[in-house]
Amino acid sequence: MRKNDDVTFTSSALKIPPFLHHQTKPSLPFFAQLAQTKFSFLQSLLTRARFPNSPLLCYASLSLTRPSSPGSGPKSLPILCSASLSLNHYQLGDSTQSDSVVAQQKSSGASGVHGPSRYDEERVLISEVLVRNKDGEKLERKDLEAEALAALKACRANSALTVREVQEDVHRVISSGYFCSCMPVAVDTRDGIRLVFQVEPNQEFHGLVCEGASVLPTKFLQDAFRGGYGKVVNIKHLDEVISSINGWYMERGLFGMVSNAEILSGGIIRLQVAEAEVNDISIRFLDRKTGEPTKGKTKPETILRQLTTKKGQVYSMLQGKRDVDTVLTMGIMEDVSFIPQPAGDTGKVDLIMNVVERPNGGFSAGGGISSGITSGPLSGLIGSFAYSHRNVFGRNQKLNISLERGQIDSIFRINYTDPWIEGDDKRTSRTVMVQNSRTPGNLVHGNQPGNDSLTIGRVIAGIEFSRPLRPKWSGTVGLIFQHAGARDANGNPMIKDHYNSPLTASGKFHDDMLLAKFESVYTGSGDHGSSMFVFNMEQGLPLWPEWLFFNRVNTRARKGVEIGPALCLLSLSGGHVMGNFSPHEAFAIGGTNSVRGYEEGAVGSGRSYAVGSGEISFPVLGPVEGVVFADYGTDLGSGNKVPGDPAGARLKPGSGYGYGFGIRVDSPLGPLRLEYAFNDSHTKRFHFGVGHRN
């Protein structure tokens, strides 16, 4: 969070010892006070202060005096002769209770002292009740006199009062917030007992000095105090302002609160804010089984650089939670937690991050379905075997070696990823990859006589760099070399298919290309129904005369709209390629992830394409969802512009639509999709897929 200098705006620099004072460094530990999420500043003035060692906050006394007259004897009522009431505030640690009311009544000439239990309930008839200033004169401001009179509940003219009732009304006057002291004085007059409340109003507010608030916005303070300028300070309103300041810190998870408030001469309010800055951050590794501290395999600096919480910042619990989530997304930790501790008597906080490491690597096996296989009961199944290491050299670097094998498909891949290049402050990642694959070529060159399979073999090597560009946006650039060619079912290289359409752009058995890649991705919340936008561009670099020179652009967009319990998802994708490119790299339209109701690539293949889809999903039972959908795709009339026109040779329509319904089931592998679709040729087809549509 951005810091600002200490907030100071005042109309006077005059400061004298305050009449209202709280200790700057409270006796209670700072973290114990932060646990008190709700407290009353006004209550701290009347009973026990929020910071316990505060001095005497108010003094009230009740004196009932009667002029001496000849012949007056000891039988006169003691309470009419003399009585006093004092409200004292004791510091913590006193042997007496922290707040006590001591009522003392003394009889003139009496030999004994009567205890409060006897005379607290003895009533005295009051003939008149007045409010005056501390000198016994009328208040200059009638509104303050009205506030004091309105606060009185028991003390009314022609009423019989006890000392306790007078005491309670003293509390009420102070509780109104407008007065810093109240002294009830009773005088026996010719007309009866006159009760005068001598009050001292608070000063008028003329300025504010706020110290120690490094992250609290100046505008927040200005708005909080703006309406009180030139008015008598009301302690209740000041309490609300202090609560709002403390609430501002709490809402943002910041360790901060108002630690001191005082009113200086000239009507200047001084607030002191205590903010717990981060003094140090350390990493503590815990054993997965025992929970005891142990030696970790991850370098501490690898974890620390993931944190947005830094030394010298005001500690934020919300920011700490985000840091915990960030460390968990590294994929190498099983459990992460932040433990804040006081840094001695400095008022700062030391942060200890407890981490439990996951096993670094191991072997795994799995399976999947190839979208490029359209015939045979088991021909689309793929088995996989992989070895992965999540934390190479203790720097969170990833090594993945995998082999996927199907009846036709095979992919061998090695990926080495550094999620954050050392010394880079932009969180740039680097991935080095080597891949050897064989995939079905029937998306573009299908329908071979005798259902002979045609495969495309690719050897790929490259390097990519990715980094966040701005919130929710990321970018990737890379340089990739590809060596690709077609082979028949026996593994023999092919130059043309059965329809005499070329399979390579160079006329040789293989096409070579060096691709410069750029990709930008926007993701909303990350959920399937959130907004998404992807822009991808590849440029062929003809560094050698035989290398292909072309430019390919592809883009996808998705938008989800909730309609009650249902989710309406709209998606659009399109692309175009210019230059000399391999025919098998044309855009294929139709299939499970394109236009449902058609086989894979059966709508068309072209230099350009556009596919739109709309679907509505709704909950059915537990993890099961129902879905209805409609898709449309077209090659924009570019099918005959692909070398050899493979789509025209196979009489593909070039455009088409499909619609249908299906169910989806959440599983550990991802959503399992079973869909039944109709196309515009009245053909029906089942589609099965794993994961969301691309």
Side-chain angles (χ1 to χ4, degrees), residues 45-46 56-89 99-202:
L45 295 179
L46 297 176
L56 181 66
L57 297 182
C58 67
Y59 176 84
S61 67
L62 173 62
S63 300
L64 301 180
T65 61
R66 182 173 184 176
S68 299
S69 60
S72 61
K75 292 184 180 180
S76 300
L77 289 178
I79 197 170
L80 294 179
C81 299
S82 177
S84 65
L85 167 67
S86 62
L87 303 181
N88 298 282
H89 182 85
D99 291 302
S100 66
V101 179
V102 181
Q104 299 174 336
Q105 284 88 19
K106 299 180 181 180
S107 174
S108 175
S111 61
V113 178
H114 301 278
S117 60
R118 178 175 177 179
Y119 293 105
D120 273 359
E121 302 304 324
E122 194 167 346
R123 294 186 175 275
V124 177
L125 182 62
I126 302 297
S127 63
E128 187 178 11
V129 178
L130 300 177
V131 175
R132 295 291 185 262
N133 63 18
K134 63 180 180 179
D135 298 324
E137 300 174 353
K138 289 186 177 182
L139 292 175
E140 295 181 0
R141 296 186 53 165
K142 296 299 181 182
D143 56 335
L144 294 179
E145 180 179 349
E147 291 287 348
L149 289 173
L152 302 177
K153 300 300 181 184
C155 297
R156 292 287 188 266
N158 300 320
S159 60
L161 303 176
T162 66
V163 172
R164 184 179 301 277
E165 288 174 335
V166 175
Q167 167 197 339
E168 291 173 352
D169 270 353
V170 168
H171 278 276
R172 292 188 182 101
V173 172
I174 296 295
S175 298
S176 68
Y178 290 99
F179 308 98
C180 60
S181 69
C182 177
M183 180 180 297
V185 178
V187 180
D188 189 8
T189 68
R190 184 172 51 181
D191 298 325
I193 301 297
R194 175 188 299 157
L195 182 58
V196 180
F197 288 89
Q198 294 183 354
V199 298
E200 183 179 358
N202 294 327

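Remember, predicted model here, so these are calculated numbers, not experimental data.
- Counting all heavy atoms, side chain and backbone alike, F179 lies closest to I174 at O-CD1, 3.9 Å.
- Put simply, the side chain of Y178 does not reach to within 4.5 Å of the side chain of P201, judged on heavy atoms.
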Please tabulate, for side-chain N and O atoms in residues 134-141, each donor-acceptor pair with protein atoms closer than 3.5 Å (sequence neighbours left out).
| unit_1 | atom_1 | unit_2 | atom_2 | d |
| --- | --- | --- | --- | --- |
| R141 | NE | D143 | OD1 | 3.3 |
| R141 | NH1 | E204 | OE2 | 3.3 |
| R141 | NH2 | D143 | OD2 | 2.8 |

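- Partner P184 forms a side-chain contact (heavy atoms from CB on, under 4.5 Å) with one of V199, V166, V163 and no other, that one being V166.
- Between V170 and C182, the closest heavy-atom pair is CG1-O, 4.1 Å.
- Annotation: the span from R164 atom CZ to E122 atom CD amounts to 14.0 Å, rounded to 0.5 Å.
- For L130, the side-chain contact (heavy atoms from CB on, under 4.5 Å) criterion is met by E128, R132, R194, V196, not counting sequence neighbours.
- Closest non-hydrogen pair, G177 versus N202, comes out as O-ND2, 2.9 Å.
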Which donor-acceptor pairs under 3.5 Å do side chains of residues 147-157 form with protein atoms, sequence neighbours excluded?
| unit_1 | atom_1 | unit_2 | atom_2 | d |
| --- | --- | --- | --- | --- |
| R156 | NH1 | L152 | O | 2.8 |
| R156 | NH2 | L152 | O | 2.7 |

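- Put simply, the side chain of E168 does not reach to within 4.5 Å of the side chain of H171, judged on heavy atoms.
- To the nearest 0.5 Å, atoms CG (N133) and CD (E145) are separated by 10.5 Å.
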Checking side-chain contact (heavy atoms from CB on, under 4.5 Å) for the pair I126/I193: CA distance, chi angles, key distance, verdict?
CA-CA 5 Å; I126 302 297; I193 301 297; 3.4 Å; yes
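- A distance of 8.5 Å separates CG in L161 from CG in L125, rounded to the nearest 0.5 Å.
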